[in-house]
Amino acid sequence: MKNGLKKWRLLPLFTALAFILSGCGEPFLSTLQPAGEVAQKQYNLMILSTIIMVVVIIVVAIVYFIAITKYRRSKVGEDVIPKQVEGSHTLEILWTVIPIILVLVLAVPTVALTFELGDQAELEKTDEEGNRTALVVDVRANLYWWEFSYPDQGIVTGQELVVPTDQNVYFNVIASDVKHSFWIPAVGGKIDTNVDNMNTFYLNFDSEKSAEAGDLFYGKCAELCGPSHALMDFKVQTLSSDDFDSWVASMQEAAEAEQQEPDSDLAARGAEVFEEQSCIQCHAVSPGQGAGTSVGPNLATFGERTYVAGILDNRDSEDSQEENIKHWIRDADELKPGNKMGGYNEDDLSDEDLDALTEYLMGLKVYTE
Ligand code: HEC
Ligand SMILES: [Cu+2]
């Protein structure tokens with residue numbers, strides 16, 4: 001009976017492990033489920049180096065095992081010294097040449113891929129009218145939010161990057177304050193966003209894999225940047241080429257109109273509060289304004305965002321968006337310590353004004369499919 005139980009004593013451990021590990025590997029967040037050409041190539045490199053490492057471990061383990069079994073004193077007898085191989089030329093050459101070959105097998109594809117993924121030749125190409133054919137997005141990292149602007153389209157958005165599938169998207173990444181790092185685990189990266197110099201690279205979002213991921217990938221800051229570093233999340237929405245074009249058109253139209261008309265009295269009151277409280281000093285509400293200079297995210301498409309501030313999920317329940325917005329405005333400090341907005345308590349902003357503001361913010365929408 002006791003032995004029977006002993007056999008199972010590791011079961012709780014394995015159950016717990018299985019439970020914890022099942023949290024890994026979601027298609028919208030995992031490097032192990034590559035969702036685009038760049039991610040796939042990076043994944044292949046990881047597999048190549050893992051295979052080489054595993055082979056080395058196996059060979060070393062076998063040699064080790066042979067040594068400790070074959071040369072036991074009980075086997076070879078007392079007072080026996082095996083043949084000494086110190087200074088053996090054959091062995092010395094072997095264990096110098098083999099690692100060099102292994103390093104070469106690793107280095108050649110790594111260096112080649114590094115240059116391939118850094119290739120920007122596509123950016124020089126233009127159509128008959130002289131417009132650039134490649135899609136370029138300027139990414140600006142700020143404590144603790146992300147700005148995405150499309151210089152050729154003249155539009156800007158915050159926290160949620162929108163990209164077309166099955167084509168290369170070129171990124172120019174830069175930071176406003178300290179060094180961050182731009183990373184979409186399932187699709188590729190990471191690449192440092194520096195304050196002084198711009199880094200460039202491209203990614204490709206596969207349409208089938210995007211569909212599996214619900215057309216929403218998670219992006220992360222991958223460089224420790226402050227107390228809320230782990231909360232510096234963004235989302236990536238993927239659209240088909242055609243849908244992306246109509247998204248751009250809607251954004252450009254809204255940029256031209258500058259103001260979105262509030263669709264109720266409450267929302268109209270909210271728009272007033274937005275000005276009275278100087279929210280407008282840090283937040284643009286037109287998709288044409290503020291690229292590269294805003295203190296806070298552009299809110300022109302805020303009503304369409306799947307998350308508030310990148311961390312509060314609006315899809316949780318029916319009223320979650322409203323709750324999230326109020327929670328954020330009241331407790332921004334606690335939700336993201338050290339962020340540049342800070343919360344508004346009842347003395348700063350009455351409950352009625354908060355209701356109106358929330359109604360106004362939820363109505364900020366540009367793109368209806
Ligand atoms: C001093 C500048 C500043 C002021 C004033 C300000 N904000 Fe912000 N706001 C920010 C910054 C910076 C962020 C991004 C915070 C982060 O995620 O780290 C932000 C984030 C937000 C977000 C989340 C945006 C998103 O894309 O998910 C909302 C909503 C918001 N602010 C609303 C308001 C409202 C309403 C007011 C006025 C009552 C206001 N803000 C005043 C700087 C400001
Ligand atoms: Cu960061």
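None of the values given here were measured: they were computed from a predicted structure.
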Does any non-hydrogen side-chain atom of P164 lie less than 4.5 Å from one of F205? no
Between P287 and A254, what is the shortest heavy-atom contact and its length? CG-CB, 3.7 Å
Do the ring centers of F201 and F171 come within less than 6.0 Å of each other? yes
Between N142 and S176, do the side chains contain a donor N or O and an acceptor N or O under 3.5 Å apart? yes
Side-chain contact test, heavy atoms from C-beta onward, threshold under 4.5 Å: evaluate it for I101 versus V105 and give yes or no. yes
Would you say the ring centroid of F148 lies under 6.0 angstrom from that of F234? yes
Mind checking the CD-CG spacing from Q159 to L299? Nearest 0.5 Å is all I need. 9.5 Å
Salt bridge check, E276 against R269: does any charged N sit closer than 4.0 Å to a carboxylate O? yes
Is there side-chain contact between K336 and I311, with at least one heavy-atom pair below 4.5 Å? yes
Is the backbone N or O of L335 less than 3.5 Å from a side-chain atom of W328, with the two atoms forming a donor-acceptor pair by type? no
Show me the pairs that pass side chain to side chain donor-acceptor pair (under 3.5 Å) and involve residues 111-137, at least two apart or across chains. K41-E116, E122-K125, R132-D152
Step by step, work out the side chain to side chain contact (heavy atoms under 4.5 Å, CB included) result for Y144 and C225. CA-CA 9 Å; Y144 299 95; C225 56; 4.0 Å; yes
For residues G292 and R140, report the shortest heavy-atom separation together with the two atoms involved. CA-NE, 3.5 Å
Shortest non-hydrogen separation from T50 to M46 and the atoms involved: OG1-O, 2.6 Å
Go through it in stages, so that I can follow the logic: the residues are Y202 and Y170, the test is ring pair (Phe, Tyr, Trp, His ring centres under 6.0 Å), and I'd like the CA-CA distance, side-chain angles, deciding distance and then a yes or no. CA-CA 4 Å; Y202 69 85; Y170 289 81; 5.4 Å; yes
Say whether L312 and W145 are linked into one hydrophobic cluster, either directly or through other cluster members, by side-chain heavy-atom distances under 4.5 angstrom. no
Going through the checks in order, is the side chain to side chain donor-acceptor pair (under 3.5 Å) test met by S294 and E147? CA-CA 9 Å; S294 259; E147 180 179 271; 4.8 Å; no
Determine the minimum heavy-atom distance between Q167 and N204, stating which atoms define it. C-ND2, 3.5 Å
Using atom types as modelled and distance alone, determine if a side-chain donor or acceptor of N324 lies under 3.5 Å from a backbone N or O of S320. yes
Would you mind reporting whether D331 and E334 have side-chain heavy atoms less than 4.5 Å apart? yes
Using 4.0 Å as the upper bound for N to carboxylate O, is an ion pair formed by R330 and D351? yes
Counting distance only, does the side-chain N/O of N298 pair as donor-acceptor with the main-chain N or O of A300 below 3.5 Å? yes
Find the distance between OG (S317) and CD (E322) and round it off to the nearest 0.5 Å. 10.5 Å
Does CG belonging to N345 count more than 12 external heavy atoms closer than 6.0 Å? yes
Does any N or O in the side chain of Q252 come within less than 3.5 Å of the main-chain N or O of Q153, such that one atom is a donor and the other an acceptor? yes
Close side-chain approach of I191 and V173, heavy atoms under 4.5 Å: yes
Does any N or O in the side chain of S149 come within less than 3.5 Å of the main-chain N or O of P151, such that one atom is a donor and the other an acceptor? no
I need the full list of side chain to side chain donor-acceptor pair (under 3.5 Å) pairs touching residues 177-196, with sequence neighbours left out, sorted by first then second residue. D177-H180, K179-N194, N194-N197
Give a yes-or-no answer on whether the side chains of Q42 and T31 include a donor-acceptor pair shorter than 3.5 Å. no
Does anything in residues 83-100 pair up under side chain to side chain donor-acceptor pair (under 3.5 Å), and if so which pairs, sequence neighbours excluded? none
According to a 4.5 Å side-chain heavy-atom criterion applied to Ile, Leu, Val, Met, Phe, Trp and Tyr, with indirect links allowed, do V156 and F302 form part of one hydrophobic cluster? no
Inter-residue atom distance Q321.CD - L361.CG, 0.5 Å rounding: 9.0 Å
Taking the six-membered ring for Trp, are W8 and F14 closer than 6.0 Å centroid to centroid? no
Show me the pairs that pass side chain to side chain donor-acceptor pair (under 3.5 Å) and involve residues 219-236, at least two apart or across chains. K220-D233
For the CD1 atom of I329 and the OH atom of Y344, what is their distance to the nearest 0.5 Å? 8.5 Å
So if you build clusters from Ile, Leu, Val, Met, Phe, Trp, Tyr with side-chain heavy-atom gaps below 4.5 Å, do I155 and V285 land together? no
Begin from the C-alpha positions of N172 and T200 and carry the test side chain to side chain donor-acceptor pair (under 3.5 Å) through to its verdict. CA-CA 5 Å; N172 298 322; T200 51; 5.2 Å; no
For L29 and F217: C-alpha separation, side-chain torsions, deciding distance, then whether side chain to side chain contact (heavy atoms under 4.5 Å, CB included) applies. CA-CA 6 Å; L29 187 61; F217 292 106; over 6 Å; no
Find the distance between CG (L203) and CZ (F182) and round it off to the nearest 0.5 Å. 6.5 Å
Going by the rule side-chain hydrogen bond (donor to acceptor under 3.5 Å, both in side chains), which residues pair with D313 if we only count those two or more places apart in sequence or in a different chain? Y307, R315
Min side-chain heavy-atom separation P185-F28 under 4.5 Å: no
What closest approach, in Å, do V38 and V187 show between heavy atoms, and which atom pair accounts for it? CB-O, 4.0 Å
Is a side-chain donor or acceptor of Q277 paired with a backbone partner of D348 at a separation under 3.5 angstrom? yes
When hydrophobic residues are tied together by side-chain contacts of less than 4.5 Å, even through go-betweens, does L354 share a cluster with M341? yes
Working to the nearest 0.5 angstrom, can you tell me the gap between L13 CG and R9 CZ? 11.0 Å
Using atom types as modelled and distance alone, determine if a side-chain donor or acceptor of S278 lies under 3.5 Å from a backbone N or O of Q281. no
With heavy-atom distances below 4.5 Å as the criterion, would you say the side chains of W247 and D243 are in contact? no
Which residue pairs pass the ring pair (Phe, Tyr, Trp, His ring centres under 6.0 Å) test with at least one member in residues 251-288, sequence neighbours excluded? F274-Y360
Work out which heavy atom in E304 is nearest to a heavy atom in V366; give both atom names and the distance. OE2-N, 2.5 Å
Taking the side chain as every heavy atom from C-beta outward, state whether V162 and F244 have any atom pair closer than 4.5 Å. yes
Have D215 and T238 got a donor and an acceptor in their side chains that come within less than 3.5 Å? yes
Does S250 reach the main-chain N or O of Y367 with its side chain, forming a donor-acceptor pair under 3.5 Å? no
Should V163 and Q237 be marked as a side chain to side chain contact (heavy atoms under 4.5 Å, CB included) after you check the CA-CA gap, both sets of side-chain angles, and the distance that decides it? CA-CA 6 Å; V163 288; Q237 266 191 47; over 6 Å; no
Are M232 and I174 linked, directly or through intermediate hydrophobic residues, by side-chain heavy-atom contacts shorter than 4.5 Å (ILVMFWY only)? no
Quick one: which of I57, I52, I58, I51 gives a side chain to side chain contact (heavy atoms under 4.5 Å, CB included) with V55? I51
